Amino acid sequence: MKRPQAQVAVLQAADAQEDRRIDDVAADADLKPEAATRAAFELEADGLVSVAEETLEHYELTEEGDRYVRESLPEQDLYEAAIDAGAADGPVQMGQAIGASGLDGGAVDIALSNYARKAYGEIDSGEITANPDADTGSDPEMLALEAVADGRVEDADADALDQLERRGLLDVREETVRSVRLTDDGVTALMEGVEAAETVDQLTPELLTSGEWEDVAFTEYNVEADAEDVSHGKEHILRQTANRVKDTLVGMGFSEMEGPHADAQFWINDCLFMPQDHPARTHWDQFALEQPDEIHDLPDDLVERVRSAHKEGVGPDGEGYHSPWTEDIARGMDLRGHTTSLSMRYLSGHQVGELDPPERYFSVEKVYRNDTLDPTHLLEFFQIEGWVMAEDLSVRDLMGTFTEFYEQFGITDLEFKPHYNPYTEPSFELFGTHPETGEVVEVGNSGIFRDEVLTPLGVDCDVMAWGLSLERLLMLMYGFEDIRDVHGTLCDLELLRETEVMR
Ligand SMILES: N[C@@H](Cc1ccccc1)C(=O)O
């Protein structure tokens with residue numbers, strides 16, 4: 001039988017009686033560990049060897065752990081000092097015990113919290129007692145520290161090891177170890193004789209520069225052979241989904257809007273008929289900018305019409321809030337709390353010129369809100385903004401658009417709830433069902449712009465609009481339960497690596 005050189009070497013180095021670690025096999029076979037691993041997987045696919053995998057844990061004391069094992073744990077020091085101060089007979093002043101223990105700085109807090117946890121005694125309103133029965137000499141955590149230091153991890157108590165890891169006294173590193181063993185077929189193959197095929201299994205720089213590559217025969221690929229995982233960079237799932245959303249909307253006839261992340265309150269709030277003295281004004285809890293603190297280029301004619309809508313109202317009866325309004329406030333700069341600021345810029349005709357209905361625009365862009373972090377909120381998220389301008393739009397058009405859009409992502413159980421926005425009437429919130437928890441999750445907000453918004457913008461037909469959350473869409477598509485696993489500083493890299501892309 002002819003086999004590539006690396007496979008022959010692994011076959012010859014493997015044993016039928018015992019598992020041999022791939023690293024040892026590689027050393028005997030004079031191969032790099034990766035090459036030996038690959039050859040082993042290829043041989044395994046043909047039934048000539050078996051490959052076993054084992055996860056080994058390596059324990060190592062941290063610098064702090066190492067110090068304690070040579071001296072003592074801070075809580076042991078505190079206990080000794082408390083006993084000396086008479087705390088076994090009744091409460092004594094904590095300051096006295098701490099002073100006598102010689103502990104200072106962060107060590108005091110460490111001592112106190114572990115002292116109480118281990119029931120070495122009690123700490124209450126500045127006084128400390130010592131439990132005379134506490135056996136601090138055989139503290140399980142100290143014993144475990146000693147076991148690790150002496151290379152006898154197997155003697156250590158598992159709970160104590162966990163606790164040491166939590167206290168940062170111990171580092172645990174996992175290693176996957178693979179070993180190979182010859183199968184009966186492998187033994188037979190060796191007995192019948194295995195020769196190295198004159199094939200090349202790797203294209204090397206030498207082959208390329210010498211030109212030899214033209215004459216050699218290459219080993220066939222076995223695309224089914226198991227192989228070692230290599231985690232490489234890939235597009236983030238959120239970015240992938242954002243691009244898919246964009247493609248979907250373009251497919252539905254929309255064009256993309258773009259515009260500033262930091263924008264004037266004018267575009268974020270005033271154009272949306274949110275009174276400057278009204279609580280709704282800050283309902284997204286926008287972040288204000290200190291530098292620059294105001295925008296310079298606002299269109300005068302539009303500013304005038306928006307001012308008038310706020311102060312004098314709109315329409316023959318001048319309906320509206322008749323609220324105070326100053327341009328100074330409108331010029332203030334915020335991080336946008338929604339991308340409806342972009343919709344205002346485009347609808348005003350100042351971005352792409354006069355619009356001729358029907359028109360459809362969208363954006364998939366970041367927005368910023370001073371929310372409280374929790375499983376469904378971050379301080380920033382991607383909003384899928386969109387609007388359709390046409391004659392005679394109704395709520396059915398809005399619902400139909402959402403149904404069509406979400407269907408493309410496999411979401412077919414949308415629910416709508418009447419809602420309030422200062423700038424749309426009617427307004428609707430959208431909900432979907434989380435595939436894992438079964439909970440009904442809000443995914444977006446929508447409505448038909450009020451005349452008080454459209455008239456100053458110079459739009460005289462209907463406009464329906466929405467802001468949907470890309471992250472919530474992702475949660476419904478993939479079943480993620482905590483948005484912090486997906487992005488932000490706490491994200492779970494393993495989850496992101498392993499999540500399969502949906503198309
Ligand atoms: N701006 C709204 C979404 C929305 C946009 C346009 C019309 C209606 C609602 C939000 O952030 O929730």
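Just so you know, ligand 1 is whichever comes first in the structure, and atom 1 is the first atom listed for that ligand. In this text the structure is predicted, and so the values were computed from the model without any measurement.
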As an exercise, identify every atom of ligand 1 less than 4.0 angstrom from a heavy atom of [X].
X	answer
Thr424	7 (C), 8 (C)
Ala465	6 (C), 7 (C), 8 (C)
Asn421	8 (C), 9 (C)
His338	1 (N), 11 (O)

Heavy-atom nearest option to atom 12 (O) of ligand 1, drawn from Asn445, Leu398, Thr339:
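When every heavy atom of Asn445, Leu398, Thr339 is considered, Asn445 comes closest to atom 12 (O) of ligand 1.
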Which of the listed options, Gly447, Ser343, Ser469, Gly467, holds the heavy atom that is closest to atom 4 (C) of ligand 1?
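Checking each option, the heavy atom nearest atom 4 (C) of ligand 1 is found in Gly467.
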Would Trp387 count as a contact residue for ligand 1, given that I'm defining contact as a non-hydrogen atom of the residue lying under 4.0 Å from a ligand atom?
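No; Trp387 lies far enough from ligand 1 that no heavy-atom distance drops under 4.0 Å.
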Contact between Met464 and ligand 1, counting heavy atoms under 4.0 Å?
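No; Met464 lies far enough from ligand 1 that no heavy-atom distance drops under 4.0 Å.
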Dump the intermediate steps for side-chain contact (heavy atoms from CB on, under 4.5 Å) on Glu385 and Leu342, then the final yes or no.
CA-CA 9 Å; Glu385 183 84 21; Leu342 301 185; 5.7 Å; no
In this structure, are over 12 heavy atoms from other groups packed under 6.0 Å from Arg396 atom CZ?
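Not more than 12 within 6.0 Å, no.
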Can you name the closest pair of heavy atoms from Pro33 and Ile22 and give their distance?
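Smallest heavy-atom distance, with atoms named: O-CG2, 4.1 Å.
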Using every non-hydrogen atom in the two residues, find where Ile483 and Met475 come nearest and quote the distance to one decimal.
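What the structure gives for the nearest pair is N-CE, 3.8 Å.
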Record the part of [X] in heavy-atom contact with ligand 1 below 4.0 Å; permitted values are side chain, backbone, both and neither.
X	value
Ser446	backbone
Arg369	side chain
Trp466	backbone
Val367	neither

Set out, in order, the CA-CA distance, both residues' side-chain angles and the distance that settles side chain to side chain donor-acceptor pair (under 3.5 Å) for Gln286 and Asn370, then state yes or no.
CA-CA 6 Å; Gln286 274 141 223; Asn370 191 6; over 6 Å; no
Give the intermediate values and the outcome of side-chain contact (heavy atoms from CB on, under 4.5 Å) for residues Phe416 and Leu414.
CA-CA 7 Å; Phe416 298 88; Leu414 277 190; 4.2 Å; yes
Could you walk me through whether Val388 and Glu359 pass side-chain contact (heavy atoms from CB on, under 4.5 Å), step by step?
CA-CA 6 Å; Val388 176; Glu359 293 272 10; over 6 Å; no
Give a yes or no on whether the ring-centroid distance for Phe428 and Phe402 is below 6.0 angstrom.
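No.
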